[in-house]
Amino acid sequence: MIHIFNVIKPGLLTTVQDLGRKGYQKYGLSVSGAVDYYAHRIANILVGNQDNAATLEVTMIGPTLKVLETRKIAITGADLTPYVNNSPVPLWRSFTVSEGDILSFQGYRSGCRAYIAVAGGLDVEETLGSKSTDLISEIGGHHGRRLIKGDTITANAVHTNKICLSRRLSTELIPTYTKHVRVRIILGPQDDAFTAKGIETFLSSEYTVTKDSNRMGCRLEGPTIEHKNGADILSEGMFMGAIQVPQNGQPILFLSGRPSVGGYTKIGGVITVDLPKVAQLKPNDRVSIEKVTLDEAHELLYKQENIFKLLQASIGEGGGL
Amino acid sequence: MHYTVKTAGDQSIIIYFGEQISKQTSQTVQKLSNIIESSGIIGVEEVILGYTTILIHYAPTRISFHTLINTIKAIIMDVDLAKTDERNTIEIPVLYGEELGPDLANVARLNNLSEQEVIKLHTEPDYTVYFLGFSPGFPFLGGLDERIATPRLENPRKKVQAGSVGIANHQTGIYPVTSPGGWQIIGHTPIPLFNPSDDNPFLLSPGDIITFKPITKIEYDEIINSQI
């Protein structure tokens with residue numbers, strides 16, 4: 001256990017996250033984990049970690065951290081203008097910070113959530129198989145809560161030979177975050193609870209992200225999606241990217257802080273490869289929907305997993321990715 | 001057995017066993033969930049139970065949708081629903097009324113009963129844990145006596161203490177963690193339902209039978225003190 005950061009300013013919402021707490025949803029526990037799995041996994045790969053190592057998830061306004069030990073780090077996801085001391089540092093690329101350096105974020109540019117990975121991974125106690133912070137149950141991460149001023153963050157030890165290698169992600173794998181996003185979805189499981197007009201409205205309209213959005217869900221506002229006979233269903237299991245439409249006809253995209261069950265109709269689900277786009281949506285961004293088939297969604301997912309495999313395999317060879 | 005399967009995004013499916021809440025459907029859901037989980041199907045990550053549903057999370061990179069569907073169909077075809085599983089019975093001690101059960105009088109008044117009658121009707125039945133959800137360890141229970149069914153509060157509370165026992169319409173339940181809520185709170189249990197540092201963090205599992213037992217303030221304090 002090595003002290004790696006001292007929190008000078010915590011930022012808007014900074015939490016420790018990994019890929020989630022799996023296997024306890026049937027007991028009502030939220031899965032938690034990084035909202036943007038892509039940025040989280042890439043950050044880890046860039047510093048030579050397993051992709052489920054714990055990172056810091058940073059929201060909109062970044063923290064100011066004092067570096068307590070020289071270490072390789074990488075920052076991915078939202079561009080919040082990261083600086084080390086008085087110089088800007090790149091995103092999607094690993095670099096070394098030295099003891100005494102100040103890592104800060106100088107202002108919002110694009111996206112919503114950034115991830116800070118450190119070589120070796122953050123070292124917090126595992127709770128029920130995961131290091132993720134669950135803000136509702138107040139478990140996991142750093143004492144089950146968001147970071148506050150004065151916290152000391154710990155990391156696992158690393159082999160010194162890994163420290164100096166710098167890696168960057170090829171440009172074509174770096175996502176760009178725009179204010180208008182096209183999100184691909186699969187209809188169901190309750191698409192039959194909506195009128196044909198309701199489905200048509202959903203697929204052809206533009207929706208705006210509201211300011212009540214958080215780790216639990218991204219709330220959208222726009223033309224009302226019409227139900228046949230109401231929005232209530234018997235409570236059933238929820239899933240990442242579920243698009244719930246309650247009685248008011250306004251969709252909510254469920255993210256990693258979601259509850260395990262829900263009692264409202266779900267018109268569809270965001271396909272996995274588009275979840276990182278949803279994770280980076282911020283208030284006033286606009287969303288339009290495109291319907292795809294399950295086979296298309298899986299083809300895209302297989303392609304992405306192959307890229308992750310290639311990236312993982314190149315760990316230890318050094319140089320660029 | 002009649003069931004339908006629907007896709008829920010590209011990494012889960014939901015199996016529907018009708019749309020009626022019943023003890024029998026709940027047993028089917030529990031039995032099949034246990035089998036699906038314990039079969040160790042590669043690529044099946046977890047299951048979530050509902051009143052009449054099983055959601056299955058899977059990794060499409062490890063199991064194809066068609067293999068998953070065929071495997072699940074085979075399991076459902078093979079299952080012997082006549083054979084019932086062993087069930088745990090758990091007694092939940094409850095201090096009814098007073099400060100920790102502020103809505104007991106309300107529930108009595110709205111149902112034209114005395115507070116003692118509400119307690120009696122609440123403690124008589126065996127309740128089945130249909131499934132857990134909403135918050136960690138929160139049980140959705142079947143078996144509430146209709147005579148004490150009471151609508152939710154018009155103004156939900158911002159904070160309901162962990163351990164609060166409540167009624168909402170035809171359901172009764174226990175808040176495992178302190179959270180906002182609109183249920184009529186009739187009492188409080190000193191027994192924790194969720195303890196993340198314990199080897200068995202959840203007191204209840206789907207399929208368990210629970211009973212409520214009224215306790216006095218002295219007994220309540222004794223249980224609290226014994227936990228320290």
Side-chain angles (χ1 to χ4, degrees), chain A residues 22-31 125 127-128 134 136-140 144 184-192 233-243 254 259-263 266 268-275 292-298 300-302 304-306 308-309, chain B residues 4-16 18-21 25 29-30 33-34 37 45-57 59-62 64-66 130-140 171 176-179 193-194 196-198 201-206:
Chain A
K22 289 175 185 162
Y24 295 97
Q25 290 191 84
K26 69 168 179 170
Y27 293 104
L29 205 60
S30 169
V31 73
E125 206 183 324
T127 306
L128 304 175
D134 179 339
I136 304 289
S137 302
E138 299 178 344
I139 59 166
R184 289 165 290 187
I185 64 121
I186 295 168
L187 285 177
Q190 278 91 35
D191 50 320
D192 55 359
I233 57 165
L234 294 179
S235 286
E236 64 180 34
M238 288 293 282
F239 55 96
M240 185 76 176
I243 308 163
F254 277 79
S260 58
V261 297
K266 295 172 289 292
V270 176
I271 69 170
T272 303
V273 298
D274 280 359
L275 288 170
V292 297
T293 65
L294 185 64
D295 283 344
E296 287 169 312
H298 284 169
L300 291 162
L301 184 62
Y302 301 148
Q304 190 184 61
E305 276 309 310
N306 280 333
F308 277 122
K309 264 185 204 152
Chain B
T4 50
V5 180
K6 291 184 183 177
T7 56
D10 59 1
Q11 300 209 60
S12 35
I13 57 169
I14 308 187
I15 316 169
Y16 292 85
E19 285 176 2
Q20 289 299 317
I21 300 176
T25 302
V29 164
Q30 283 153 22
S33 300
N34 286 340
E37 266 196 321
E45 298 194 325
E46 61 183 305
V47 301
I48 306 176
L49 292 73
Y51 279 113
T52 67
T53 51
I54 303 172
L55 180 142
I56 302 172
H57 274 293
T61 48
R62 303 181 70 202
S64 78
F65 175 74
H66 295 286
Y130 282 164
F131 63 101
L132 301 138
F134 171 66
S135 65
F138 187 100
F140 284 76
Q171 293 186 83
V177 294
T178 301
S179 56
L193 272 74
F194 174 53
S197 57
D198 201 281
F202 300 96
L203 178 68
L204 306 175
S205 295

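Values reported hereafter were calculated over all heavy atoms of this structure, with side chains retained and with hydrogens, waters and symmetry mates removed. Every chain is numbered from 1, with letters handed out A, B, ... down the list of sequences. This structure is a prediction, so every number in the text was calculated from the model and none was measured.
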When rounded to the nearest 0.5 Å, the distance separating CG of Asp10(B) from CG of Asp274(A) is 9.5 Å
Reported OG1-to-CD1 distance for the pair Thr52(B) and Ile233(A), which is rounded to 0.5 angstrom = 9.0 Å
Heavy-atom pair count under 4.5 Å with chain B, highest-scoring of Ile186(A), Leu234(A), Ile243(A) | Leu234(A)
Between Met238(A) and Ile48(B), the two heavy atoms sitting closest are O-CD1, 3.7 Å
Interface residue of largest heavy-atom contact number with chain B, from Gly188(A), Gly262(A), Gly268(A), Pro189(A), under 4.5 Å | Pro189(A)
Donor-acceptor pair between Thr61(B) and Glu305(A) side chains, under 3.5 angstrom | no
What's the spacing between Gln30(B) CD and Lys26(A) NZ if we round to 0.5 Å?
-> 10.0 Å
Which atoms of Tyr51(B) come close to chain A, meaning under 4.5 Å heavy atom to heavy atom: side chain ones, backbone ones, both, or neither?
-> both
Any sub-3.5 Å donor-acceptor pair from Glu46(B)'s side-chain atoms to Gln25(A)'s backbone N or O?
-> yes
Ser260(A) to Gly133(B) - nearest heavy-atom pair and separation | OG-CA, 3.7 Å
Heavy-atom pair with the smallest gap, counting every atom of Leu128(A) and Pro196(B) | CD2-O, 4.2 Å
Looking only at heavy atoms, which two atoms of Pro60(B) and Leu301(A) are closest? And how far apart?
-> CG-CD2, 3.6 Å
Neighbour count >12 (heavy atoms, 6.0 Å) for atom CD, Glu125(A) | no
Heavy-atom distances under 4.5 Å only: say whether Thr127(A) touches chain B with side chain, backbone, both or neither.
-> side chain
Name the region of Leu55(B), side chain, backbone, both or neither, that has any atom closer than 4.5 Å to a heavy atom of chain A.
-> side chain
Contact winner vs chain B - Gly241(A), Gly263(A), Ser235(A), heavy-atom pairs under 4.5 Å = Ser235(A)
Between chain B and each of Ser30(A), Gly140(A), Gly237(A), Gly28(A), count heavy-atom pairs under 4.5 Å; write down the option with the most.
-> Gly28(A)
Name the member of Val47(B), Ile13(B), Val177(B), Ile56(B) that forms the most heavy-atom pairs with chain A at distances under 4.5 Å.
-> Val47(B)
Exactly one candidate in Phe202(B), Phe138(B), Phe140(B) meets ring-ring contact (aromatic ring centres under 6.0 Å, His included) with Tyr27(A); the answer is Phe202(B)
Find the distance between CZ (Phe134(B)) and CD1 (Ile136(A)) and round it off to the nearest 0.5 Å.
-> 9.5 Å
What residue, out of Ser135(B), Ser179(B), Ser12(B), has the most heavy-atom pairs lying under 4.5 Å from chain A?
-> Ser135(B)
Which atoms of Phe194(B) approach chain A - backbone, side chain, both or neither, heavy atom under 4.5 Å | side chain
Could you look at Asp192(A) and say if it's the side chain, the backbone, both or neither that has a heavy atom under 4.5 Å from chain B?
-> side chain
Quick one: what part of Leu29(A) sits under 4.5 Å from any heavy atom of chain B, side chain, backbone, both or neither?
-> both
Would you mind checking which part of Leu49(B) comes under 4.5 Å of any heavy atom in chain A, side chain (CB onward), backbone (N, CA, C, O), both or neither?
-> both
What residue in Pro136(B), Gly50(B), Pro206(B), Ser64(B) has the most heavy-atom pairs under 4.5 Å with chain A?
-> Pro136(B)
Contact origin within Ala242(A) toward chain B - heavy atom pairs under 4.5 Å | neither
